Participant: 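I have a structure here, written as structure tokens, and I will follow up with some questions on it.
Since the model is a prediction, treat every value here as computed from it, not as a measurement.
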Amino acid sequence: MAGAAQIELLPAQKVAQEAQVLQAPNSVCYAQYGDTHLTPQDLERIVQAVPDSIAAALKRRAYYFVPLTISEDDETLVAPEYTIDFSDRAICHRNVSFGSSECIFISTRLMQDRFALAFEFFINVGHHFVESVGVPQSFSDLAWSQAESDIRGETSQDAYESRRKATDRGRSYEKAKSTFFDAAFSDAIAIYLLSLSIDFDYADLREREYPLLTAPALAERLRHIAGLFPPNAGYEFEIRYRRRG
């Protein structure tokens, strides 16, 4: 295997200029550069899972799938190949602005499997959609009704902490409530998109830092998201309480 000293780290801007940017049928712009261990077919399947109605809000953004993204001294660098040394210094993703466009560099070789890679991409999509469009009142009403009913758990650390602060009704109640809606909605989008592209178990979403939202409550949120953003052709939304076969 080539050593770190033999592999040149490239500035993100150079990668953005050299990589061939593609546009999926849903209009999402993306590219891959270097030894990503991704086939074009697998990558397009993940990207195209974003419904057209969500993709429309992602203009002036491009997602670059690269082996490793490294942030050092306020500079974003890309390793075109994997090494243990670079892996130890890498981060999951980095957003870089070039003029009026935003490029998101996602480290494919930090992910253990297709589930983790797709989820990382969809989490970014969820956050970017909320930044552009905001949170529908209907979803806010649903999430808050669950919080007021003291439904156990949440979908991320941010959602869990902001919900806790909002339900405490302290001085920062309104701010925490807004932060909770943003986090819960972007999480729900990401999990919904994941469900369109990969067959996974509810338990796969569990993390140690906070209790995961109960399955019925999460299913209610996902059905609401599916109603707002129907799947593209070739994708299907379905919740199964028992895995088939």
Participant: Between Thr69 and Arg94, is any side-chain donor less than 3.5 angstrom from a side-chain acceptor?
Facilitator: no
Participant: Check whether any side-chain heavy atom of Cys29 lies under 4.5 Å from a side-chain heavy atom of Arg60, and answer yes or no.
Facilitator: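 SC-SC contact between Cys29 and Arg60 ruled out.
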Participant: Taking it one step at a time, do Glu75 and Lys14 satisfy salt bridge (Lys or Arg N to Asp or Glu O under 4.0 Å)?
Facilitator: CA-CA 12 Å; Glu75 184 179 12; Lys14 179 179 176 64; over 6 Å; no
Participant: Could you label the plane-to-plane angle of the Phe229 and Phe129 rings as parallel, tilted or perpendicular, counting under 30° as parallel and over 60° as perpendicular?
Facilitator: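 If you compare the ring of Phe229 with that of Phe129, the planes turn out perpendicular.
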Participant: Go through the steps for Arg164 and Glu161 under the test salt bridge (Lys or Arg N to Asp or Glu O under 4.0 Å), then give the verdict.
Facilitator: CA-CA 5 Å; Arg164 180 182 58 79; Glu161 290 297 332; 2.7 Å; yes
Participant: Would you say the side chain of Thr108 lies within less than 4.5 Å of the side chain of His37, judging by non-hydrogen atoms?
Facilitator: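 A side-chain contact is absent here, since even the closest heavy-atom pair is not under 4.5 Å.
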Participant: Do Leu38 and Phe115 sit in one hydrophobic cluster, given that two such residues count as connected whenever their side-chain heavy atoms are within less than 4.5 Å of each other, even indirectly?
Facilitator: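 Yes, same cluster.
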Participant: Kindly compute the distance separating CG (Asp141) from CD (Gln146), expressed to the nearest 0.5 Å.
Facilitator: 11.5 Å
Participant: Establish, from distance only, whether the side-chain atoms of Glu18 and Tyr33 form a donor-acceptor pair under 3.5 Å.
Facilitator: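 Note: Glu18 and Tyr33 side chains meet the donor-acceptor criterion.
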Participant: Could you go step by step and tell me if Ser107 and His93 meet the side chain to side chain donor-acceptor pair (under 3.5 Å) rule?
Facilitator: CA-CA 6 Å; Ser107 298; His93 76 274; over 6 Å; no
Participant: In the single-linkage hydrophobic clustering (I, L, V, M, F, W, Y; side-chain heavy atoms under 4.5 Å), do Ile91 and Phe65 co-cluster?
Facilitator: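 No; tracing contacts between hydrophobic side chains, which count when under 4.5 Å, never links both residues.
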Participant: Does any donor atom in the side chain of Gln20 or Gln32 lie under 3.5 Å from an acceptor atom in the other side chain?
Facilitator: no
Participant: Does either side chain, that of Thr39 or that of Asp42, offer a donor lying less than 3.5 Å from an acceptor on the other one?
Facilitator: yes
Participant: With a 4.5 Å limit on heavy-atom distance, are the side chains of Glu236 and Pro231 in contact?
Facilitator: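 Glu236 vs Pro231: side chains apart.
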Participant: Taking the side chain as everything from C-beta on, heavy atoms only, tell me whether Arg61 gets closer than 4.5 Å to Ser132.
Facilitator: yes
Participant: Should Thr179 and Asp158 count as side-chain neighbours, where that means a heavy-atom distance under 4.5 Å?
Facilitator: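 A side-chain contact is absent here, since even the closest heavy-atom pair is not under 4.5 Å.
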Participant: Any side-chain heavy-atom pair from Cys92 and Ile106 closer than 4.5 angstrom?
Facilitator: no
Participant: Look at the rings of Tyr192 and Phe237 and say which category their plane angle falls in: under 30° parallel, 30 to 60° tilted, over 60° perpendicular.
Facilitator: perpendicular
Participant: Could you label the plane-to-plane angle of the Tyr63 and Phe121 rings as parallel, tilted or perpendicular, counting under 30° as parallel and over 60° as perpendicular?
Facilitator: perpendicular
Participant: Answer yes or no: is there a side-chain heavy-atom contact under 4.5 Å between Asp182 and Glu131?
Facilitator: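 No, their side chains stay 4.5 Å or more apart.
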Participant: Within a strict 4.5 Å, meaning less than it, do heavy atoms of the Leu213 and Asp187 side chains meet?
Facilitator: no
Participant: Would Leu58 and Tyr30 show up in the same hydrophobic cluster when neighbours are defined by side-chain heavy atoms closer than 4.5 Å?
Facilitator: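 Yes, Leu58 connects to Tyr30 through the hydrophobic network.
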Participant: Answer yes when Arg240 and Glu238 have at least one side-chain N-carboxylate O distance shorter than 4.0 Å, and no when they do not.
Facilitator: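 Looking at Arg240 and Glu238, the cut-off is met.
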Participant: Do the rings of Phe105 and Tyr64 sit parallel, tilted or perpendicular, given the 30° and 60° boundaries?
Facilitator: parallel
Participant: Which hydrophobic side chains are connected to Tyr210, either touching it within the sub-4.5 Å cutoff or through other members that do?
Facilitator: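 Members besides Tyr210, by chain and number: Tyr160.
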